[in-house]
Amino acid sequence: MTVTLPTATDDPRPVIPAPAFSLVVFGTPGPQGSKKPVGTRRSKKGNVVPILVESSAKVKPWREAVHHAAEQLVTGRAGYVPLDGPLVAEMHFTLPAPARMPKDRIAHTVYPDLSKLLRSTEDALTTAGVWADDARVIRYRDLSKTYPNLGPRSLPVPGVIIRVWRDQPGLGGYALLVPAP
């Protein structure tokens, strides 16, 4: 009986290229999306419309932190052009742990919503010039929210790990679905 062992070239998993953009931002992530009315105003057509503001006070400082860190990285690269075309991204948020975290809590399953954290961070990356528009992201390879030092994708303090890849033509992002290390 002959046994043939697979070689490195037999590995069916695609090779994951280095990210086109990678950044770690420290600070308390702020969710964006929920609005609260603070009064009314007249529209250009004369209609009464509500004045809406973000309900979370954490949004503005978080967007500013992400924008500033991303802008510094982008402007530090000579000839940097905002990423365009189909993109694949991943973000891992580390949020502050409560003062008295239950011992059985192993995941961040409470406010804020992961989708609202993603929204505020995407908008900040757009205004910083990282990508042409957050609509270019066709797939998220991985998303998570956790507490400090709770797992391999957590930071020691609150913040986010961001990675963005250009999609490989014809693969629609599937080449980047291999689990992250």
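Computation of the quantities below employed the complete heavy-atom set of this structure, encompassing side-chain atoms and omitting hydrogens, waters and symmetry-equivalent molecules.
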Task: Side-chain donor or acceptor of Ser120 paired with backbone N/O of Gly30 under 3.5 Å - done: yes
Task: Heavy-atom closest pair, residues Gly27 and Pro29 - done: O-CD, 3.1 Å
Task: Pairwise side-chain contact, Pro82 with Trp131, heavy-atom cut-off 4.5 Å (strictly under) - done: no
TODO: Kindly compute the distance separating CG (Leu95) from CG (Leu150), expressed to the nearest 0.5 Å.
DONE: 11.5 Å
Task: Heavy-atom closest pair, residues Arg166 and Leu87 - done: CA-CD2, 4.0 Å
Task: Pro112 backbone acceptor or donor facing Lys145 side chain under 3.5 Å - done: yes
Open item on the list: Within this structure, what is the NE2-CD distance for the pair His67 and Glu64, rounded to the nearest 0.5 Å?
Closed with: 9.0 Å
Task: Heavy-atom closest pair, residues Pro31 and Tyr111 - done: CG-OH, 3.2 Å
Task: Val157 vs Pro148 side-chain heavy atoms within contact, under 4.5 Å - done: no
Open item on the list: Distance check, rounded to the nearest 0.5 Å: Ser154 atom OG versus Ile161 atom CD1?
Closed with: 7.5 Å
Open item on the list: Please give me the minimum heavy-atom distance between Phe21 and Ala70, naming the atom from each residue.
Closed with: CZ-CB, 4.2 Å
Open item on the list: Do Thr146 and His92 make a side-chain contact, defined as non-hydrogen atoms from C-beta onward lying under 4.5 Å apart?
Closed with: no
- [ ] Kindly indicate whether the side chain of Leu155, heavy atoms from C-beta on, has any atom under 4.5 Å from the side chain of Phe93.
- [x] no
- [ ] Could you verify whether a donor N or O on one side chain and an acceptor N or O on the other, from Thr28 and Trp62, lie under 3.5 Å apart?
- [x] no
Open item on the list: Quick check: do Glu122 and Met91 have side-chain heavy atoms less than 4.5 Å from each other?
Closed with: yes
Open item on the list: A side-chain contact here means heavy atoms from C-beta on lying under 4.5 Å apart; do Tyr80 and Leu73 qualify?
Closed with: no
- [ ] Identify the heavy atoms of Ser144 and Leu114 that sit nearest to each other, and give their distance.
- [x] O-CD1, 3.7 Å
Task: Any side-chain heavy-atom pair of Val130 and Leu23 under 4.5 Å - done: no
Task: Heavy-atom side-chain contact between Asp123 and Arg63 under 4.5 Å - done: yes
TODO: Of all the heavy-atom pairs spanning Glu71 and Ala128, show the shortest one and how long it is.
DONE: N-CB, 3.9 Å
